[in-house]
Visitor: 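Please read through the structure below; I'll follow up with questions.
Everything quoted here is computed from the prediction, not taken from an experiment. Worth knowing before you read on, the calculation uses all heavy atoms, side chains too, and leaves out hydrogens, waters and symmetry mates. Just so it is clear: chains get the letters A, B, ... in the order the sequence lines come, proteins before strands, and each one is counted from 1.
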There are 2 protein chains.
Amino acid sequence: MGEGVEWGLHCCLVLAWIGDDEALSTAKLAKWFELPPAYLNKRLQALVRAGVLTSTAGARGGFRLGRPPEKITLMDVVTAIEGPEETFRCSEIRQRGAGAEAPASEFRHACGVSVAMRRAELAWRRELAAQTLADLMAEAPPSAAARARRWHERVNG
Amino acid sequence: MGEGVEWGLHCCLVLAWIGDDEALSTAKLAKWFELPPAYLNKRLQALVRAGVLTSTAGARGGFRLGRPPEKITLMDVVTAIEGPEETFRCSEIRQRGAGAEAPASEFRHACGVSVAMRRAELAWRRELAAQTLADLMAEAPPSAAARARRWHERVNG
DNA sequence: ACGATCCTGGATATTACATGTCCAGGAAGA
DNA sequence: TCTTCCTGGACATGTAATATCCAGGATCGT
Ligand code: SF4
Ligand code: SF4
C-alpha cells in the first residue's frame, strides 16, 4: 500500500474541515504536510478523476471535495489512488508444468486459493466502504478542525 | 502482495496432498509449477522459519508440512512470506509542517486515519486466519489431489 | 488586455524493492 | 565417499513507486 493513500486521506480531511466555500491549491496542501508538491498533485488528480475531489483552474483555484463528507468512503479514496486491481494477483500457476496435465474440467472449477484470498480481500473492502470521511471528522479532536480553519484563513485570505 | 504468497500456498497444498511420509525437494516443486528453483527456495525457507514447513537436508530430503493441515491458516502462510508489517504504513505526516503547531495533547489521541485503516486490515487478517489448508483441500476437486499423488510417485520413487 | 495564479498531463529521472541467479558450506542418505 | 539437498549470503536484474520538470490552457484580479 503506497503512502499516497495516507496523503489523500489527510488532504481530504483538511478540505472537509475548511468547507466547500474556498479551494486549496496543491502548493498550500503540500506546505501543510511538507510533501513534494508536484507529486502530491498527481495523487490529487487521481482523486479528481475518481470524483472524490473537484478542481478549479486559475487564480484562487484549487481543490475541494467532490461531494459531502458522508458520501465519501475510505474505499473511494483507496481505489482512486491505488487503482482497482486486487492486491492478490493470480498468475494461474496451477495450469503450468505438471498442472497442465489436468483435464480441462478441473479448470472450470474456480481455484480454491483464489476464492479464499478474494474472500479476505472483500472483508477488507467492506470495512473500508463502511467508513466515511464524516466518521473520521467526528472521531478527530475538535481542536484539529479548528486549527485547520485558522491556518486556512491565514494562508488563503 | 507479492506472488510468493501464491507459490507458497500451492506448494503447501501439494505437500499436504502427498502426506508427511515423503519430502519434496525445491527442484521437484519448482518443476511442478515451472518456477525458478533458487528463488522458490527462498520462499520455502521463509515458511520453514515460520514453522509452517519443516526441512530435512541430504539425499531424499526436502520439505514437508510442519504441522497438520487443519492447524495451518492462510494467515500463517501470508505473514511468513510477506512479513509481519501492516500493509498501511503510517508516516505520521500529521505531525509535520503546519501540524507540528498542534498541542502535544492532540497526539495522545490515536490518529483516526490510522485506526480506520487498521480496522479494515484486521478484518482482512481475521478472514485469512479463519481458513486453513484443510479447508482448501476439502474444496478442491478430488482429481487434483489424486493427480498430485500420482505425480509424486513418478518423480520421487 | 494583461499578468499572476493554478490545474492538466506527458516526459523524464531517481530510488526502492521485488525478483532472480550464483556460490560455498554443511548435513544426510546410498 | 559420492550424490543429493538445504542454508544463507552476495550479487545481478527488472519493475514499480517516487519525484521532478515543463509546456499548455484555464481562471481570476487589476
Ligand atoms: S489455483 Fe488459484 S491462486 Fe493458484 S494459479 Fe490457479 S487461480 Fe491462481
Ligand atoms: S493522522 Fe494517522 S495516518 Fe496520518 S500521519 Fe498521523 S498516524 Fe499516520
Visitor: Using a cut-off of strictly less than 4.0 Å, decide whether A/Arg49 has a side-chain nitrogen or oxygen near OP1 or OP2 of C/dT8.
Guide: no
Visitor: Does OP1 or OP2 of D/dC6 have a side-chain N or O of B/Thr56 closer than 4.0 Å?
Guide: no
Visitor: Name the pairs: protein N/O against N/O of nucleotides 20-22 of chain D, kept only if under 3.5 Å.
Guide:
none

Visitor: Charged N to carboxylate O under 4.0 angstrom, B/Arg125 versus B/Glu121?
Guide: yes
Visitor: Want to settle it: does B/Phe63 or A/Arg43 sit nearer the 5' end of DNA chain D, counting the closest nucleotide to each?
Guide: B/Phe63
Visitor: Would A/Arg60 and A/Glu22 pass as an ion pair if we require N to O under 4.0 Å?
Guide: yes
Visitor: What's the closest nucleotide to the B/Ala59 side chain, out of D/dC28, C/dT8, C/dG29?
Guide: C/dG29
Visitor: If you compare every side-chain N and O of A/Arg60 against the phosphate oxygens of C/dA4 (OP1, OP2), does one of them come in below 4.0 Å?
Guide: no
Visitor: Verify side-chain contact (heavy atoms from CB on, under 4.5 Å) between A/Cys11 and A/Leu40, making sure each step is shown before the conclusion.
Guide: CA-CA 10 Å; A/Cys11 288; A/Leu40 173 61; 4.0 Å; yes
Visitor: Establish, with yes or no, whether the OP1 or OP2 oxygen of C/dG9 is under 4.0 angstrom from a side-chain nitrogen or oxygen of A/Gln45.
Guide: yes
Visitor: Could you give all pairs that pass the side-chain hydrogen bond (donor to acceptor under 3.5 Å, both in side chains) test and reach residues 29-38 of chain B, with sequence neighbours left out?
Guide: none
Visitor: Nearest-nucleotide wise, let me know which of B/Glu82 and B/Gly58 is further upstream toward the 5' end of DNA chain C.
Guide: B/Glu82
Visitor: So does B/Ser55 get a side-chain nitrogen or oxygen closer than 4.0 Å to the phosphate oxygens (OP1/OP2) of D/dT7?
Guide: yes
Visitor: Can you tell which of C/dT8, D/dT7, D/dC28 lies closest to the side chain of A/Val48?
Guide: C/dT8
Visitor: Using a strict cut-off of less than 4.0 Å between a Lys/Arg side-chain nitrogen and an Asp/Glu carboxylate oxygen, indicate whether B/Arg67 and B/Asp76 qualify as a salt bridge.
Guide: yes
Visitor: Can you sort out the partners of A/Ser114 under side-chain hydrogen bond (donor to acceptor under 3.5 Å, both in side chains), two or more places apart, ordered by chain and number?
Guide: A/Arg118
